[in-house]
Amino acid sequence: MTDLLERKLRHFFGLMDRDGSDTLELDDYLAAADGVSASCGLAPGSPEHEAVRATFRRFWEDVIKPMDADGDGHVSFAEYVDGFTEGVLDESDGYERVRPLLDALIDIADADGDGRITGEEFARSLTHGFGVPADESAEAFALLDEEAKGHLTREELQRASAEYFLGTDPDAAANALFGRF
Ligand SMILES: [Ca+2]
Ligand SMILES: [Ca+2]
Ligand SMILES: [Ca+2]
């Protein structure tokens with residue numbers, strides 16, 4: 001794994017570690033689900049809120065929990081890097097395992113369902129779901145919205161996240177996707 005990719009993963013790991021334990025647990029993913037849901041105005045306990053929680057829970061079960069090599073119930077950064085290398089980088093279709101969560105996240109971010117993620121929708125998800133500071137969300141959006149059209153398409157966001165998690169270009173705009181690192 002390149003140093004750049006490891007730095008990007010370290011940053012994303014820190015964002016997902018919502019309780020600051022320096023390890024990932026199911027509760028981190030559920031806290032992120034609750035944050036995103038609240039930012040979209042979903043009532044706690046509503047079917048829509050439960051669906052968001054189910055998506056994050058599934059991602060934990062399918063992708064993150066298997067990385068817990070020593071079985072202590074916590075995924076450390078070392079386990080995360082090993083798991084990511086084996087499960088995503090070294091598998092030809094490894095990234096496909098991450099894509100359903102990204103699709104679901106984009107669905108949630110696109111609050112009005114028009115297929116476009118505006119700067120406001122983008123910032124709301126990043127800030128409330130992942131704790132990215134608002135100014136960094138705005139900065140990321142401006143970099144990603146290269147044509148300054150005021151929104152990102154689903155395809156643009158999918159491409160940006162693939163570049164974030166797989167790419168090795170230090171100058172890629174997508175490196176800013178989750179804020180500064
Ligand atoms: Ca944690
Ligand atoms: Ca562990
Ligand atoms: Ca929208």
Side-chain angles (χ1 to χ4, degrees), residues 1 6 8-42 48-49 51-53 55-88 97-98 101-134 137-138 140-161 177-179 181:
M1 180 176 301
E6 187 166 331
K8 288 191 284 188
L9 284 186
R10 177 74 235 186
H11 177 67
F12 189 69
F13 181 93
L15 291 176
M16 287 313 303
D17 177 23
R18 299 307 305 265
D19 66 356
S21 64
D22 206 29
T23 49
L24 299 178
E25 295 80 20
L26 172 62
D27 281 351
D28 291 321
Y29 285 82
L30 295 180
D34 291 348
V36 174
S37 299
S39 73
C40 297
L42 304 182
E48 293 82 4
H49 175 216
V52 173
R53 282 176 75 102
T55 298
F56 278 79
R57 184 186 292 274
R58 201 163 53 237
F59 187 73
W60 162 261
E61 295 286 343
D62 293 351
V63 179
I64 306 299
K65 192 177 170 201
M67 296 176 174
D68 179 17
D70 67 1
D72 69 349
H74 309 273
V75 173
S76 66
F77 185 62
E79 289 174 329
Y80 186 76
V81 167
D82 287 347
F84 192 87
T85 302
E86 285 166 26
V88 178
R97 303 176 65 219
V98 181
L101 181 78
L102 295 170
D103 269 329
L105 278 175
I106 294 171
D107 281 342
I108 297 163
D110 181 15
D112 63 3
D114 68 351
R116 301 168 165 196
I117 291 80
T118 62
E120 195 189 327
E121 288 172 332
F122 181 83
R124 214 158 40 200
S125 301
L126 277 191
T127 302
H128 294 279
F130 298 98
V132 176
S137 302
F141 185 84
L143 278 168
L144 293 170
D145 182 19
E146 289 173 353
E147 298 151 26
K149 52 191 183 314
H151 68 267
L152 298 169
T153 64
R154 298 183 65 94
E155 293 69 30
E156 284 173 325
L157 268 176
Q158 281 288 7
R159 266 204 308 278
S161 56
L177 180 59
F178 298 105
F181 63 90

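Remember, it's 1-based here, ligands and their atoms both numbered in the order they're listed. Given the structure is predicted, the values throughout are model-derived calculations rather than measurements.
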Work out how many protein N, O or S atoms lie closer to the Ca ion (ligand 2) than 3.0 Å.
-> 6

Any N/O/S atom of Asp27 sitting less than 3.0 Å from the Ca ion (ligand 1), backbone or side chain?
-> no

Does any pair with a residue in residues 18-40 pass ring pair (Phe, Tyr, Trp, His ring centres under 6.0 Å), and if so which ones, sequence neighbours excluded?
-> Tyr29-Trp60

Answer yes or no for Met16: is there an N/O/S atom below the 3.0 Å cut-off from the Ca ion (ligand 1)?
-> no

Decide, yes or no, whether a salt bridge links Asp34 with Arg53 under the criterion of side-chain N to carboxylate O below 4.0 Å.
-> yes

Does a salt bridge link Arg10 with Glu6, judged by any charged N lying under 4.0 Å from a carboxylate O?
-> no

Under 3.0 Å from the Ca ion (ligand 3), protein N/O/S atoms total 6

Gln158 backbone acceptor or donor facing Ser161 side chain under 3.5 Å = yes

Is there an N/O/S atom in Asp22 that lies less than 3.0 Å from the Ca ion (ligand 1)?
-> no

Does a salt bridge link Asp27 with Arg18, judged by any charged N lying under 4.0 Å from a carboxylate O?
-> no

Residues forming a side chain to side chain contact (heavy atoms under 4.5 Å, CB included) with Asp19, sequence neighbours excluded = Asp17, Ser21, Glu25, Asp28

Could you walk me through whether Asp22 and His74 pass the side-chain contact (heavy atoms from CB on, under 4.5 Å) check?
-> CA-CA 9 Å; Asp22 206 29; His74 309 273; over 6 Å; no

